[in-house]
Peer 1: 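I have a structure I would like to understand better, so I am pasting it below and will then ask my questions one at a time.
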Number of protein chains: 2
Amino acid sequence: MSLKHYRHLQEHFHSLIRNKVLEAGSKLPSEREIGEQFKLTRVTVRQALQSLEMEGMVYRQNRRGWFVSPPAVVYDPAAHLSFNIFVTEQGYTPHTEKLQQTLVAADSEVATKMNLAVGTPVLFLHRRRYIDNRPVLIEKMYINTTLLPGIEEEDLTQSLSQLLARKYQMSYRDMDLSFKATSLPEEATSALGITAGQSGLNIERINYTQDKQVLEIDYEYWRHDAVTIQIAIRD
Amino acid sequence: MSLKHYRHLQEHFHSLIRNKVLEAGSKLPSEREIGEQFKLTRVTVRQALQSLEMEGMVYRQNRRGWFVSPPAVVYDPAAHLSFNIFVTEQGYTPHTEKLQQTLVAADSEVATKMNLAVGTPVLFLHRRRYIDNRPVLIEKMYINTTLLPGIEEEDLTQSLSQLLARKYQMSYRDMDLSFKATSLPEEATSALGITAGQSGLNIERINYTQDKQVLEIDYEYWRHDAVTIQIAIRD
DNA sequence: AACACCAACTGGTATATACCAGATTAACTT
DNA sequence: AAGTTAATCTGGTATATACCAGTTGGTGTT
């Protein structure tokens with residue numbers, strides 16, 4: 001009799017999900033029901049669920065229940081494809097929601113990275129993005145309006161890369177990327193409907209124009225189970 | 001009185017660590033001591049510590065205690081620097097330990113990726129790598145010995161990239177990379193001295209030669225708090 | 001000095017229980 | 001039919017307790 005009841009429970013659900021007995025997006029029984037069925041306390045049940053959550057097999061919605069995680073989308077930053085396009089290409093439905101949009105004065109961090117004077121107006125854009133109606137990431141962007149006059153009058157729930165191409169004859173080229181597995185800050189968890197402090201993926205990106213000027217700085221927080229990063233490095 | 005005692009405790013240690021009152025690598029008081037000091041049960045203390053662990057602020061060693069996490073190293077796969085070099089450049093001391101080395105028959109996954117027949121002998125190499133004496137990653141590599149005759153007789157705790165350059169006049173060039181934040185499999189946690197099922201970073205890498213042949217396939221599992229990925233994309 | 005052993009200490013797993021807070025649903029109003 | 005209210009269901013936080021399983025450090029041997 002190998003102990004570790006929560007491992008048994010974890011393996012049980014893992015196998016149900018792997019074998020598609022429980023489909024992506026479907027709701028698991030409540031913690032209390034599971035506990036009753038397996039003669040375990042809620043504490044133990046929760047430990048199993050949290051392990052499954054770390055594996056990326058299940059996710060939770062605050063006080064609504066536990067759900068089977070859909071497959072992760074593949075994100076290739078080097079492909080220069082917009083969110084809308086690569087999500088659609090993989091058979092899912094993207095959706096973008098604008099949470100906030102204001103002109104702000106560049107703070108020292110943003111100003112330094114953009115090579116602007118502190119206080120220069122930049123466009124701050126806060127968006128939430130969905131895959132198949134599940135919120136998977138929030139992003140905060142600082143856009144160099146100096147290079148993109150009039151951009152604040154456009155519909156900024158659409159793809160920025162398409163907007164750049166159409167209105168400014170520009171496209172994303174060089175970029176600096178940084179990834180870190182970390183816990184999600186409160187602003188991210190509340191916007192994504194996640195329990196505070198759950199782990200996620202933090203991406204920082206600086207996009208440059210063809211002539212090496214900083215077009216935009218992007219801070220993204222993803223649900224960790226929603227994305228796999230894939231990059232082809234070709235020198 | 002805002003509830004959530006564990007958040008208070010989390011913030012308490014977060015601030016101690018941020019202000020260097022607790023230095024990197026130093027040991028925290030035991031869970032029981034902390035509980036006594038703050039009049040909290042061990043369950044609550046553990047919840048706070050687990051949150052700090054997800055933040056990357058602390059880590060644990062099985063039944064030895066909790067420790068303050070050192071800063072993460074920056075890993076730039078596109079820079080083609082060996083582990084030894086980029087760790088040293090950032091002021092830390094790298095160390096590599098060979099856990100296993102055998103010739104194995106390529107299974108279908110490896111054979112397909114290497115464009116070899118199933119069953120072709122490939123060199124399997126299992127290593128554990130340390131930063132400042134802390135084990136931070138394990139890697140399992142499958143090396144295309146067809147391209148590198150005699151490599152199994154070399155010292156494979158050293159840098160492979162240096163070995164390639166010296167003995168075979170080869171260097172890493174193109175590569176396919178995949179990153180995923182996930183939980184560490186049992187083989188990784190036990191080798192790293194981590195509690196089973198903790199979250200980590202999974203990296204898969206395929207290295208190609210100058211003429212597009214697969215040199216090596218690499219599966220890495222990192223402690224999530226030990227590394228930040230940074231890539232400069234230049235088209 | 002080297003070894004074997006044991007007590008003490010650490011985190012790991014688990015039970016039993018309670019109350020809180022947000023989400024959902026059913027019942028009741030208007 | 002639409003809106004309000006209350007009961008119920010969900011996960012979130014917390015106490016108190018117990019025993020298990022590696023690690024550590026000291027004790028006593030050799």
Side-chain angles (χ1 to χ4, degrees), chain A residues 1-13 26-54 58-68 134-135 183-184 186 189-199, chain B residues 1-13 26-54 58-69 133-135 183-184 186 189-199:
Chain A
M1 181 62 183
S2 102
L3 282 233
K4 299 204 187 177
H5 296 158
Y6 83 95
R7 289 279 166 215
H8 280 162
L9 195 52
Q10 182 183 356
E11 178 47 39
H12 172 76
F13 281 107
S26 63
K27 190 177 177 303
L28 271 59
S30 75
E31 297 174 355
R32 287 171 177 85
E33 281 180 65
I34 296 172
E36 198 172 339
Q37 185 185 343
F38 290 87
K39 310 275 185 236
L40 297 170
T41 38
R42 252 185 87 205
V43 181
T44 306
V45 172
R46 280 173 69 79
Q47 195 173 359
L49 290 169
Q50 280 165 25
S51 298
L52 285 160
E53 183 182 43
M54 284 193 284
V58 304
Y59 68 100
R60 44 180 147 175
Q61 288 180 33
N62 207 307
R63 280 164 241 267
R64 295 206 341 108
W66 293 85
F67 302 84
V68 178
R134 175 188 180 217
S183 69
L184 298 173
E186 202 283 322
T189 54
S190 60
L192 296 175
I194 298 176
T195 305
Q198 290 304 312
S199 66
Chain B
M1 181 62 181
S2 102
L3 283 233
K4 300 202 185 176
H5 297 159
Y6 83 94
R7 289 278 167 217
H8 280 163
L9 196 52
Q10 182 182 355
E11 177 50 38
H12 172 77
F13 281 108
S26 63
K27 189 176 178 301
L28 271 59
S30 76
E31 297 174 355
R32 287 170 177 86
E33 281 179 64
I34 296 171
E36 198 172 337
Q37 184 184 344
F38 290 87
K39 310 276 184 233
L40 296 170
T41 35
R42 251 185 86 204
V43 181
T44 307
V45 172
R46 279 172 70 78
Q47 194 172 0
L49 289 169
Q50 279 165 25
S51 298
L52 285 160
E53 183 182 42
M54 283 193 283
V58 304
Y59 68 99
R60 45 180 146 174
Q61 287 181 33
N62 206 309
R63 278 165 244 264
R64 295 206 339 109
W66 292 86
F67 302 84
V68 178
S69 295
N133 288 318
R134 175 189 181 215
S183 69
L184 298 173
E186 202 282 323
T189 54
S190 60
L192 296 175
I194 298 175
T195 305
Q198 290 304 311
S199 67

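First the proteins, then the strands, lettered A, B, ... as listed; each starts at 1.
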Peer 1: Starting from C1' on C/dG11, measure out to CD on B/E31 and report it in whole angstrom.
Peer 2: 5 Å
Peer 1: Provide, to the nearest angstrom, the distance between the CZ atom belonging to A/F67 and the C1' atom belonging to C/dT24.
Peer 2: 12 Å
Peer 1: Rounded at 0.5 Å granularity, tell me how far CD in A/E53 sits from OG in A/S199.
Peer 2: 7.0 Å
Peer 1: Could you go through nucleotides 4-7 of chain D and list every protein N or O atom that sits under 3.5 Å from one of its N or O atoms, giving the distance for each pair?
Peer 2:
none

Peer 1: Before giving the answer on side chain to side chain contact (heavy atoms under 4.5 Å, CB included), spell out for A/R134 and A/Y59 the whole-Å C-alpha distance, their side-chain angles and the decisive distance to 0.1 Å.
Peer 2: CA-CA 11 Å; A/R134 175 188 180 217; A/Y59 68 100; 3.5 Å; yes
Peer 1: Rounded to whole Å, how long is the line connecting atom NZ of B/K27 with atom C1' of C/dT10?
Peer 2: 7 Å
Peer 1: Please state how far atom CG in B/L9 lies from atom C1' in D/dA14, giving the value in whole angstrom units.
Peer 2: 13 Å
Peer 1: Just to be sure I understand the geometry, which residues of residues 37-52 of chain A put a non-hydrogen atom under 4.0 Å away from DNA chain C?
Peer 2: A/K39, A/L40, A/T41, A/R42, A/V43, A/T44, A/Q47
Peer 1: Could you state the CZ-C1' distance from B/R7 to D/dA14, rounded to the nearest angstrom?
Peer 2: 14 Å
Peer 1: List the residues meeting salt bridge (Lys or Arg N to Asp or Glu O under 4.0 Å) with B/E11, not counting sequence neighbours, and say none if there are none.
Peer 2: B/R18
Peer 1: State which residues pass side chain to side chain donor-acceptor pair (under 3.5 Å) with B/Q10; sequence neighbours excluded, sorted by chain then number.
Peer 2: B/R7, B/E55
Peer 1: Can you give me the closest heavy-atom contact between B/S51 and B/Y6, atom names plus distance?
Peer 2: OG-CE1, 3.6 Å
Peer 1: Check nucleotides 22-26 of chain D against the protein and report each pair of N or O atoms closer than 3.5 Å, with its distance, or say if there are none.
Peer 2:
residue: D/dT24; atom: OP1; partner: B/R64; partner atom: NE; Å: 3.3
residue: D/dT24; atom: OP1; partner: B/R64; partner atom: NH1; Å: 2.2

Peer 1: Residues two or more places apart in sequence or in another chain: which of them pass side chain to side chain contact (heavy atoms under 4.5 Å, CB included) with A/T195?
Peer 2: A/R60, A/Q198
Peer 1: Rounded to the nearest angstrom, tell me the gap between atom CZ in B/R32 and atom P in D/dT17.
Peer 2: 14 Å
Peer 1: Return the set of residues passing side chain to side chain donor-acceptor pair (under 3.5 Å) with A/S26 (not counting sequence neighbours), or none when no residue passes.
Peer 2: none
Peer 1: Mind checking what makes side chain to side chain donor-acceptor pair (under 3.5 Å) contact with B/R64, not counting sequence neighbours?
Peer 2: B/Q61
Peer 1: Decide yes or no on ring-ring contact (aromatic ring centres under 6.0 Å, His included) for A/F38 and A/H12, but give the supporting numbers first.
Peer 2: CA-CA 11 Å; A/F38 290 87; A/H12 172 76; 5.0 Å; yes
Peer 1: So how far is it from B/T44 OG1 to B/L9 CG, rounded to the nearest 0.5 Å?
Peer 2: 9.0 Å
Peer 1: Holding to side chain to side chain contact (heavy atoms under 4.5 Å, CB included), I want the full list of residues that pass it with B/E36, two or more places apart in sequence or in another chain.
Peer 2: none
Peer 1: Just how far, in rounded Å, is P of D/dC20 from OH of A/Y6?
Peer 2: 18 Å
Peer 1: Considering just the side-chain nitrogens and oxygens of B/S30, establish if one lies under 4.0 Å of OP1 or OP2 belonging to C/dC9.
Peer 2: no
Peer 1: Which part of the nucleic acid, if any, lies within contact of A/R60, taking any heavy atom under 4.0 Å across all strands shown: a base, the sugar-phosphate backbone alone, or nothing?
Peer 2: sugar-phosphate
Peer 1: Round to a whole Å and report the spacing from CD1 of A/I194 to P of C/dG22.
Peer 2: 18 Å
Peer 1: Please list, chain by chain and in numerical order, all residues satisfying side chain to side chain donor-acceptor pair (under 3.5 Å) with B/S190, sequence neighbours excluded.
Peer 2: none
Peer 1: Quick one: list whatever passes side chain to side chain contact (heavy atoms under 4.5 Å, CB included) with B/E31, sequence neighbours left out.
Peer 2: B/R42, B/V45, B/R46, B/L49, B/W66
Peer 1: Would you call A/F13 and A/V58 a side-chain contact if the rule is heavy atoms closer than 4.5 Å?
Peer 2: no
Peer 1: For the helix from C/dA1-D/dT30 to C/dT30-D/dA1, what is the angle between the axes at its two ends, each from 5 pairs, rounded to 10°?
Peer 2: 10°
